[in-house]
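What follows is a short report on a single structure.
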Amino acid sequence: MPIQLFDSLERKLKPLAPSHPDGVYRFYNCGPTVYAAAHIGNFRTFVVNDVLRRLLELEFPGKVVHVRNLTDVDDKTIKRARDEGRSLNEVTKQWTDKFHADCDALNCLRPHVEPTATGHIAEQVDMIDVLMKKGNAYRAADGSVYFKVSSFDGYGRLSRVKERELQVGTALLHKSQAVDADEKEDATDFALWKAHKTEDGANSWDSPWGPGRPGWHIECSAMSKKHLGDTIDLHTGGEDLLFPHHENEIAQSECCNGTLFAHHWYHSKHLLVDGAKMSKSLGNLYTLDDLKAKGFSPMALRYALLVGHPRKQLNFTLEGLHAAESALKSLRNFRTGLSSGDAGVFAPVFAALHDDLNTPGALGALFTIVNRGPAGVDAATFDRVMLALGLNLKASESPKADAPAEITALADKRWAAKNAKDWAAADALRKELTALGWNMKDAKDGYTLEPLKK
RNA sequence: GGUGCGGUAGCCAAGUGGUAAGGCCGAGCUCUGCAAAAGCUCUAUUCGGCGGUUCGAUUCCGCCCCGCACCUCCA
């Protein structure tokens with residue numbers, strides 16, 4: 001069964017297949033802006049894309065090229081650098097490293113190519129130059145270059161923005177007109193090149209239109225073109241990117257290249273936290289480190305992010321993270337009882353994944369197998385399921401914390417009391433340990449200590 | 001105002017024109033001196049409301065109620 005995935009543009013399920021004669025599947029996924037630690041909402045998108053990547057590699061072994069960019073110059077990165085009195089490069093390096101570390105912890109495969117915006121200035125300038133020459137762009141008085149939306153008939157196909165504009169209460173339109181009326185010919189035109197402003201500081205590059213920096217949208221068009229060619233097979237991102245980012249990418253790329261940009265568009269939905277949109281003011285914005293500090297493993301987060309269908313909003317809760325930890329533990333226990341056996345029982349799991357990346361359906365099918373017991377279930381195929389989902393069971397175990405000496409001393413005392421069958425003393429010591437936040441697990445010939453969950 | 005998505009057990013969440021997967025929590029049991037761990041068992045006559053189509057609808061259609069997201073740089 002081929003992988004079927006919803007296409008945001010045609011709004012239907014379409015099978016995934018390479019469109020180029022070389023059989024290489026070209027996959028572009030919009031990456032992060034590296035100005036702060038990514039939050040779990042960001043990671044939902046990256047984890048979903050990672051499962052997609054893994055499925056593609058199982059389907060087209062050795063023939064997948066996955067490109068994911070890093071946005072390392074924009075208003076936010078520049079502001080951060082300015083606020084901290086550091087260079088743009090220092091700031092973006094720090095958060096790029098952090099992003100990589102978090103992705104590794106979440107068992108997300110690194111993309112085959114991870115291009116940066118600042119590393120592709122020339123490619124972006126070249127594209128803008130073509131757009132200027134073809135009449136799809138114009139230079140404003142201040143040296144900025146804008147894309148002329150009216151020059152591209154296909155504009156709005158992805159997001160149906162034209163339908164929107166017809167009936168817009170025009171409040172938003174007025175707002176954007178007020179801001180940009182001086183420079184843009186039309187409110188819907190967007191920046192390809194932003195003329196240098198004083199607050200940009202040293203972050204400026206030369207161009208035929210004067211010093212400045214590239215607009216946000218052009219970077220993906222340029223990097224996609226450079227690393228995957230004019231036409232790619234799949235372009236993905238979070239739902240918020242559908243408009244304007246992806247709409248603008250299509251316009252830029254198709255006008256510049258004169259050919260279809262992407263065969264397939266896929267957008268994953270956003271994450272809610274405790275039923276509300278994540279925001280700093282609500283105090284419900286979590287990073288991976290926040291959750292680690294609460295004692296959760298990164299793998300539990302990965303699992304929790306896969307519990308909902310990628311094309312539905314998912315409500316993240318701490319309770320859900322607990323559920324994820326427990327579910328992972330069940331999978332670990334189940335795995336230890338496995339040897340070789342029937343690989344076919346896992347077919348429903350893969351069928352669910354191939355059917356529009358239905359991860360909750362796949363997990364449900366998986367636990368249906370788990371509940372039938374390990375007899376005759378094939379270990380290697382189970383492992384392949386874990387590989388597809390990117391669940392590293394080994395890494396999901398809670399890190400073994402070493403108990404401090406005072407705790408060990410108490411535990412030793414209790415162990416001695418227990419062996420002396422002094423139950424009263426033993427129970428009192430157990431209580432004491434519990435109060436100190438440690439659970440003492442008795443085994444046949446010794447004990448282990450583990451910290452209680454916060 | 002426009003566009004799109006959704007409302008399924010205490011929480012999270014699949015799914016189907018033919019009578020509700022799964023996870024968590026909870027309860028009971030087994031095993032343990034106790035506890036934990038592990039294992040077993042149980043837990044929605046019901047799928048936002050009202051109509052309609054149908055032999056039959058949670059699943060299709062209509063209306064209504066509620067929630068959420070996007071609408072220029074937020075994954």
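Every chain is numbered from 1 and lettered A, B, ... according to where its sequence line falls, protein lines coming before strand lines. From a predicted model like this one, the values you see are computed outputs, not experimental measurements. Excluded from the calculations below are hydrogen atoms, water molecules and symmetry mates; all remaining heavy atoms, backbone and side chain alike, are included.
- With hydrogens and angles ignored, no donor-acceptor pair closer than 3.5 Å exists between the side chain of N315(A) and the base of rC11(B).
- With centres under 5.5 Å and a plane angle under 30° as the test, the ring of F367(A) is not stacked against the base of rG23(B).
- Within 4.0 Å of K312(A), counting heavy atoms only, lie sugar-phosphate atoms of the nucleic acid but no base atom.
- D427(A) comes within 4.0 angstrom of a base, heavy atoms only.
- The phosphate of rA75(B) has neither OP1 nor OP2 within less than 4.0 Å of any side-chain N or O from N49(A).
- Within the 4.0 Å cut-off from OP1 or OP2 of rC5(B), not a single side-chain nitrogen or oxygen of R311(A) is found.
- For rG33(B), its base never sits under 3.5 Å from the side chain of R430(A) at any donor and acceptor pair.
- No more than 12 heavy atoms of other residues, nucleotides or ligands lie within 6.0 Å of NZ in K413(A), so this atom counts as exposed by the packing criterion.
- Rounded to an integer number of Å, the gap from CD of Q252(A) to P of rU72(B) is 17 Å.
- Phosphate contact (OP1/OP2 of rG23(B), side-chain N/O of N371(A), threshold under 4.0 Å): present.
- Across rG33(B), rC24(B), rA75(B), the shortest atom-to-atom separation from the side chain of D442(A) is found for rG33(B).
- Taken together, the paired segments of RNA chain B that extend over three or more consecutive Watson-Crick or G-U pairs, each closer than 3.5 Å at both contacts, are B:1-7 with B:65-71, B:10-12 with B:22-24, B:26-30 with B:38-42, B:48-52 with B:60-64.
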